[in-house]
Amino acid sequence: MNGGVLLEAARRDGRLALSAGGMWTAERAGELEGLIEGVIARHQRGAGADIDMARVERLDTFGAWLLERLVRGLAAAGGEARVVGLPDHYRGLVRQAEEANRLGPTPTRAYPFAAAFAAVGRNVGEIGRDMAAMAGMLGALVAAAGRTALRPGTFRFTSMVHQIDRMGWRAVPIVLLITFLIGGILAQQGLFHFRQFGADLYVVDMIGILVLREVAVLMVAIMVAGRSGSSCTAELGAMTMREEIDALRTMGLDPIDVLVLPRVLALAVALPCLTFLGAMAALYGAELMCWLYGGMSPEVFLGRLREAIGLNDFAVGLIKAPFMGLIIGVIAAVQGLAVEGSAESLGRKTTDSVVKSIFVVILLDGLLAMFFAAIGM
Amino acid sequence: MTQAGSNVVVRVRGLEVGFGGVPVLAGLSLDVMRGEILGVVGASGAGKSVLMRTIIGLVQRRAGSIEVDGIDPAAAPQGIRRAVERRWGVLFQHGALFSSLTVRQNVQFPMRENLRLSRRLLDEIALAKLGMVGLPPDVCDKHPSELSGGMTKRVALARALALEPSIVFLDEPTSGLDPIGAAEFDELIRTLQRTLGLTVFMVTHDLDSLHAVCDRIAVLGEGRVITEGSIETMLASEHPWVKSYFRGKRARLAARAA
């Protein structure tokens, strides 16, 4: 069925005689395009041409368009081209093709050098817009909290408890496991190096201060950003895409009140709890490591720990935690509500949410460390 | 393909489909003739979309046979099944355009995957197809989220037609369009069916579409085809559901308009 020559060229009375045959269909379109371009390239300027379509077995849109392209190509080379012998039932199709691609979309000129600068400019602009959006969200949350404080009945307590369950309670196993391992690893490294100075015992000081002030809260915040921040963005994003957010607005409800506030508060409650559990697990890991690897008995470890750390070290970690939760929630909400119509945009915003919240969490940790150092805590 | 009754493109016999314990289609038989526009109607939940999705292989059947040009795609080996699948184009109810691709890329996608074509030809064909469904060239770099409902359906139709199918399945093509847009879309389906020689299987609720474009109508109910035939047959039917559907208040208005 695929037999038959697609296009044959001959000269007759100073005119080009083209004879088409076989299947002028999508399957043969690539081949056909090559033949047609060849005919147009070899065509003598000014000579007329006849295209005999009588032996074509089948013609579809691809074939009809290529015929039209052949006619236009020959016409552009100066001669007029006539289509003869076209079966009647293909006339409609060919007429359709004649109207196609008359005015293509205006070609946009590419400036690769300028485009590189434009990308930098856009990114800088985006950083500014991101900061404004975060500030805006923070403001909206404060306003929502104010409204809710005036009318406590409207607060979505059930929703918040549900979110605490999802973002806090269900994160406990993984948080415990990872902080336990980190505690053990820090202790092992400390023991290995401190032993060279005979300062084994100071490992406990280092672990205690490091874990309580920084490691527990940072690890927990990063894990929660990856685990719950992303799911929060994806949830809000899918709701934006399916116009659920708009539906809420039309019912006179503020999505910030209904969706964002419970999530952000849940994160602000869950993070200190997880930080506390994480710190305990890390200290436990360190203690086990000191005992099994360093030969330091648990009594010695605990005794030294009691001397090395104060309530302030413990408090610093826990004071930082709710702010981390707040910032993770704010970023997740900003990104989630910024999702546009496409699936790709949802994916990009979810990634943005995780990357940005981890960055901001670390930045905030640094700023708070400076603050606590300044007030002598 | 010279068997008896080669005018039948899709032959469905004794089809049974169910979800869990609930049967949706029970012993349904239906023929789709070459070159016709078949309208499938039925109450919500009667299994119109399920029938369509079963024919195109998205839903598993429990019993019965489905033949497309004499081949049962579900039983055929991979290569033959793909060849059969290339013979049909599907317009989903909500368009199902790929949201991360532009309109042009959406239309080009099936061609890119199945044919070896130059970039220039791909662009030209995509524009030609968009022109055929009545869209201006400047939509081609838009994303699906920027399109109106009617435009989405047109782009989806252009994509369904990308590989020159001989059968087109349309799931509620005019739902969500205003009456003028719906009438235009009906007209478009009619024109394309004539120019391209298509066979059209159309699930619809739209009485205007049934009057304006369908050659034959099949009414689904109780898991099978209650009645089939031309619009005149429908109007003459005494089956209570068919009667209330085609001779109800809204139906009279549609009939007067047509």
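To find a chain, count down the sequence lines: A is the first, B the second, and so on, and within it residues start at 1.
The greatest number of non-hydrogen atom pairs below 4.5 Å with chain A, out of B/Met111, B/Lys129, B/Glu124, is found for B/Glu124. Across B/Asp123, B/Thr195, B/Ile125, B/Leu130, the residue that shares the most heavy-atom pairs under 4.5 angstrom with chain A is B/Ile125. No other option in A/Thr25, A/Asp60, A/Leu93 has as many heavy-atom pairs under 4.5 Å with chain B as A/Asp60.
Counting heavy-atom neighbours within 6.0 Å of A/Arg91 CZ, excluding the residue itself, gives a total above 12. By the 6.0 Å contact criterion, CD on B/Gln60 is open, its count of non-hydrogen atoms from other residues, nucleotides or ligands being 12 or less.
No hydrogens or angles considered: nothing links the side chains of B/Asp141 and B/Thr102 as a donor-acceptor pair under 3.5 Å.
The parts of B/Leu121 that come within reach of chain A are both its backbone and its side chain, each placing non-hydrogen atoms under 4.5 angstrom from that chain. A/Leu66 touches chain B through its side chain: at least one heavy atom from C-beta onward sits under 4.5 Å away, while N, CA, C and O do not. Heavy atoms of A/Ala97 lying under 4.5 Å from chain B are absent altogether. The part of A/Arg69 that comes within reach of chain B is its side chain, from C-beta onward, which places non-hydrogen atoms under 4.5 angstrom from that chain. Residue contact with chain B, scored on non-hydrogen atoms closer than 4.5 Å, involves the side chain of A/Glu37 exclusively. If you measure heavy-atom distances from B/Arg194 to chain A, you find no contacts under 4.5 Å at all. For a residue to count as touching a neighbouring chain, one of its non-hydrogen atoms must lie under 4.5 Å from one of that chain's; by this rule A/Glu33 touches chain B with the side chain only.
Ion pairing between a basic and an acidic side chain is recognised when a charged N comes within 4.0 Å of a carboxylate O; A/Arg82 and A/Asp52 show no such pairing. Classification of B/Glu164 and B/Arg86 as a salt-bridged pair fails, no side-chain N sitting under 4.0 Å from a carboxylate O.
Distance check: A/Leu7 CG to A/Met53 CE gives 9.0 Å after rounding to the nearest 0.5 Å.
Nearest heavy atom pair, residue B/Met202 against residue B/Cys214, reads CE-SG, 3.5 Å.
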